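The basis for the numbers below is simple: all heavy atoms, side chains too, and nothing from hydrogens, waters or symmetry mates. One is the number of the first residue; the rest follow in order along the sequence. Here the structure is a predicted model, which means the values were calculated and not measured.
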Amino acid sequence: MRDVGRIDDETCREFQGGVELVGKRWTAAILLALARGGERFAELHHGVDGISARLLAVRLKELQDNELVERTVVPSTPVQIRYTLTERGRDLLRSLIPLIRWQQRWGDAAEADKRSAVRR
């Protein structure tokens with residue numbers, strides 16, 4: 001915990017922006033679907049259960065704008081659009097794995113605590 005004192009306000013603001021992007025609904029699920037091999041819009045739409053096509057398009061654009069996802073147009077008939085993680089996106093996904101593990105370890109306990117507090 002000593003390293004926390006070395007994080008200045010500017011670094012904290014930059015981190016907050018990244019967390020807000022990743023924390024948007026469906027973003028992590030899209031990154032995971034891409035990592036699992038989904039490339040085409042329909043594959044991603046099928047691979048992210050419950051997301052609307054419109055919101056998937058919005059999130060993919062946000063991820064492209066942040067250089068986490070690359071959109072490639074394949075000149076064929078019909079034209080194909082493929083999405084892939086960039087190196088930056090793969091790096092982000094690798095950094096999320098400890099957070100996913102933390103949720104797996106502690107998430108159920110937090111939910112149980114919430115349910116218990118509501119019953120009181």
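- The main-chain N or O of I51 is found under 3.5 Å from a side-chain atom of H45 such that the two form a donor-acceptor pair.
- With contacts defined as side-chain heavy-atom distances shorter than 4.5 Å, the pair R71/L60 does not qualify.
- Screening residues 48-57 for side-chain hydrogen bond (donor to acceptor under 3.5 Å, both in side chains) gives no qualifying pairs among residues at least two apart or on separate chains.
- Taking 4.5 Å as the limit, every side-chain heavy atom of Y83 sits out of range of all side-chain heavy atoms of E43.
- Applying the salt bridge (charged side-chain N to carboxylate O under 4.0 Å, His left out) criterion to D9, with sequence neighbours excluded, gives no partner residue.
- In terms of the side chain to side chain contact (heavy atoms under 4.5 Å, CB included) criterion, R105 has no residue partners (sequence neighbours excluded).
- Distance check, rounded to the nearest 0.5 Å: NZ of K61 to CG of N66 gives 10.0 Å.
- The line from OG1 of T84 to CD of E70 is 4.5 Å long, rounded to the nearest 0.5 Å.
- Under the side chain to side chain donor-acceptor pair (under 3.5 Å) criterion, E67 pairs with R88, sequence neighbours left out.
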Which atom pairs, one a donor and one an acceptor, fall under 3.5 Å between side chains of residues 19-32 and the rest of the protein, sequence neighbours left out?
from: E20; atom 1: OE2; to: Q16; atom 2: NE2; distance (Å): 3.2
from: K24; atom 1: NZ; to: E62; atom 2: OE2; distance (Å): 3.1
from: T27; atom 1: OG1; to: L21; atom 2: O; distance (Å): 3.4
from: T27; atom 1: OG1; to: K24; atom 2: O; distance (Å): 3.3

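- Remark: A57 pairs with F41 by the side chain to side chain contact (heavy atoms under 4.5 Å, CB included) rule, at least two apart or across chains.
- Partners of T11 by side chain to side chain contact (heavy atoms under 4.5 Å, CB included), not counting sequence neighbours, listed by chain and number: I7, D8.
- Residues V73 and L85 share a hydrophobic cluster, clusters being chains of Ile/Leu/Val/Met/Phe/Trp/Tyr side chains in contact below 4.5 Å.
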For residues 91-98, which side-chain N or O atoms pair as donor and acceptor with protein atoms under 3.5 Å away, sequence neighbours left out?
from: R94; atom 1: NH2; to: E87; atom 2: OE2; distance (Å): 2.9
from: S95; atom 1: OG; to: L92; atom 2: O; distance (Å): 2.6

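- Every side chain to side chain contact (heavy atoms under 4.5 Å, CB included) that S76 has, sequence neighbours left out, goes to V74, Q80.
- Annotation: side-chain hydrogen bond (donor to acceptor under 3.5 Å, both in side chains) contacts involving residues 29-42, sequence neighbours excluded, comprise E39-R82.
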